[in-house]
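Written out below as structure tokens is the structure these notes cover.
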Amino acid sequence: MISPNKKAPTNNADLINRSRASVWHPCTQMKHHEDFPLVPIASAHGVWLTDVEGKRYLDGVSSWWVNLFGHTNNRINLALKTQLDTLEHAMLAGFTHESAVELAERLNRLTGLGHAFFASDGASAVEIALKMSFHYWRNVGNAKKQKFVSLAGSYHGETLGALSVTDVAIFKDAYQPLLHNNIIAPFPTAISHHDDFPCCVECADEAADALEQLFALRHHEIAAFIVEPLVQGAAGMRMYHPRYLERARALCTQYKIHLIADEIMTGFGRTGTMFAWQQVAAPLPDFTCLSKGITGGYLPLSCVLTTDDVYAAFYDDSSARGFLHSHSYTGSALACRAALATLDIFSDDNVITANANNAAIFTSLCAPLRTHPRVNNFRHLGMIWALDIKTASANFSRQFFAAALQRGLLLRPIGNSVYFMPPYVIDAAIFQWLVDETIAVINEIS
Ligand SMILES: Cc1ncc(COP(=O)(O)O)c(C=O)c1O
């Protein structure tokens, strides 16, 4: 809403200039915007974002992997409007409210884990899981367990704790002196060996063998193993075989190491099941981190769910044994209400089954991409499609991004990996258009 004294921007340049003068944009070298314009969004509906001058962009990445049921979704809007008139926010320390409780109960039933600890962004959920794991071991008399293991290429967020279990050089290198010295285990490499998911079982076994050696040697100092189940998002939609997680789960139990499933990207249907872990034939993780799609892409909300065993280790007369972590907006009533509306859509519309049917159609529409001479490693899981471009130039990803925008397409390749992660409300005709335009961009740039 524009304040009465301010006129709504009427052209793109106005808003771009004001933004460059006042906003420090995330994940951006701001100088690049001297010759690479920001896209000034005025409104959005369904799968489309619209700029100030009326040009539409297909949101092919669900606005950083958060949007599920389209922008300005009527059902989520309505739930939020009702919540706004009832309770916008109340602190969750010493107080509670219906939307946080109902959401915790429903997530508990969906994940099999309980006692939802709420926060705002994905990285804060990761911080919480890491702290809880460390503090659990301390509470049970094993204070030497202070290290965390993550996979090569992992991405768990960019606050200092989360960054210290992330393995993406461009986000991490500058801050290395500030980070904990955690341990990186080999990724169950697959995409260079096999075209399609499910990928290489031998790769899963090799990497699990390496994890076993690491645990055998250092288990006494390892608190937890944190992992993005089935797909590493920020590493370029790298998919791997569930067998790796089955073995990792068994090894974690054997060596008394927590397993933290970071389902921040994979949760809420992205990989074809409500949570990726449901495709793993193994007991539950000790912690699950959720965020992104949890509110349908509306509001910042994240959550850590854990076992009764972990919860019980903090339950005591002593405050120091409690988990005293907090954020001001923990359990925001509005964000929880958006999440409840999102869960309602999942159940009312039988979304997981509908997505499976649509995904089969969409994958068949990808045939010309899959066989394109510049395409390698086409892969697909649930509502994610990805491929690598052969002989891509050093600035391929920026060139692709710019050329796609020209055509009204929001896609942000990671290195030479192009991926589609659209809102679930995309239909076959628009998906076809997405494929056609992507091929046109691949043909037009180096
Ligand atoms: C697997 C995973 N974990 C954590 C995060 C961090 O979430 P946020 O950006 O909300 O802090 C992300 C973000 O992309 C992610 O993909």
Side-chain angles (χ1 to χ4, degrees), residues 24-28 59-68 111 117-133 148-168 170-172 175 179 182 184 187 224-240 245 259-271 275-277 280 285 287-305 325 327 329-330 332 335 338-339 342 381-384 386 410-415 417 419 421:
W24 196 332
H25 288 267
C27 201
T28 301
D59 190 351
V61 297
S62 294
S63 287
W64 255 349
W65 318 345
V66 300
N67 192 286
L68 303 187
T111 61
F117 195 104
F118 292 110
S120 310
D121 291 289
S124 46
V126 169
E127 298 286 338
I128 288 163
L130 298 177
K131 281 177 70 179
M132 269 185 187
S133 171
F148 300 101
V149 178
S150 58
L151 285 181
S154 58
Y155 182 89
H156 297 290
E158 300 188 40
T159 51
L160 293 179
L163 199 55
S164 77
V165 288
T166 285
D167 183 44
V168 181
I170 189 153
F171 301 131
K172 190 164 178 174
Y175 309 101
L179 304 178
N182 287 311
I184 302 290
F187 178 78
F225 171 53
I226 181 166
V227 65
E228 295 155 88
L230 301 184
V231 191
Q232 281 189 327
M237 300 302 149
R238 296 208 295 177
M239 298 171 186
Y240 62 94
L245 296 172
L259 195 147
I260 303 172
D262 175 349
E263 296 245 21
I264 288 164
M265 185 278 278
T266 55
F268 300 98
R270 279 296 173 199
T271 67
F275 302 105
W277 197 268
V280 180
F287 298 88
T288 291
C289 301
L290 304 174
S291 188
K292 290 201 184 275
I294 192 170
T295 61
Y298 265 64
L299 285 161
L301 179 71
S302 63
C303 173
V304 176
L305 297 131
H325 185 101
H327 297 287
Y329 284 99
T330 292
S332 147
T342 299
L381 183 65
M383 292 298 283
I384 308 171
L410 163 50
L411 290 177
R412 284 171 53 111
I414 302 170
S417 301
Y419 68 92
M421 203 195 277

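In each ligand, atom 1 is the first atom listed, and ligand 1 is the first ligand listed.
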Problem set entry | Side-chain H-bond candidate by donor/acceptor type, Ser63 with Asn67, under 3.5 Å |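 There is no such pair (donor and acceptor under 3.5 Å, judged by atom type) between the side chains of Ser63 and Asn67.
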Exercise. In terms of side-chain heavy atoms, does Thr266 have a donor or acceptor partner in Glu263 at a distance below 3.5 Å?
Worked result: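 Present: a donor and an acceptor within the cut-off.
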Check each atom of ligand 1 against the heavy atoms of [X] and keep those under 4.0 Å away; list them by number with element.
X      : value
Met265 : 16 (O)
Ala123 : 6 (C), 7 (O), 8 (P), 11 (O)
Lys292 : 12 (C), 13 (C), 14 (O), 16 (O)

For this session: Would you mind finding which of Thr266, Asp262, Val66 brings a heavy atom closest to atom 2 (C) of ligand 1?
Result: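 Considering heavy atoms of Thr266, Asp262, Val66, the nearest to atom 2 (C) of ligand 1 sits in Asp262.
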Mode of [X] contact toward ligand 1 - side chain, backbone, both, neither (heavy atoms, under 4.0 Å):
X      : value
Glu158 : neither
His156 : backbone
Trp65  : side chain

Exercise. Within the structure, does Ile264 bring an N/O atom to less than 3.5 angstrom of an N/O atom in ligand 1?
Worked result: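 Min N/O separation from ligand 1 is not below 3.5 Å for Ile264.
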For this session: Can you pull out the closest protein heavy atom to atom 10 (O) of ligand 1? Residue, atom name and distance to 0.1 Å, please.
Result: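 Among all protein heavy atoms, the one nearest atom 10 (O) of ligand 1 is Gly122 N, 2.8 Å.
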Exercise. At what distance is the nearest protein heavy atom to atom 15 (C) of ligand 1, and which residue and atom is it?
Worked result: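 For atom 15 (C) of ligand 1, the nearest protein heavy atom comes out as Tyr155 CD2, 3.7 Å.
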Exercise. Just wondering, are more than 12 heavy atoms of other shown residues or ligands nearer than 6.0 Å to CZ in Phe171?
Worked result: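 Yes, CZ of Phe171 has more than 12 neighbouring heavy atoms, counting only those of other groups under 6.0 Å.
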Exercise. Has the side chain of Gln232 got a donor or acceptor atom that lies under 3.5 Å from a matching backbone atom of Ala152?
Worked result: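 Checking the backbone N and O of Ala152 against the side chain of Gln232, a donor-acceptor pair under 3.5 Å is found.
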Exercise. Side-chain contact, heavy-atom cut-off 4.5 Å: Val231 with Tyr419?
Worked result: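 Sidechains of Tyr419 and Val231: no contact.
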Exercise. Less than 4.5 Å apart, any side-chain heavy atom of Phe118 and any of Ser332?
Worked result: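 With C-beta onward as the side chain, the pair stays apart.
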Exercise. Could you give the distance from CZ (Phe287) to CG (Asp262), rounded to the nearest 0.5 Å?
Worked result: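 Going from CZ on Phe287 over to CG on Asp262, the span is 13.5 Å.
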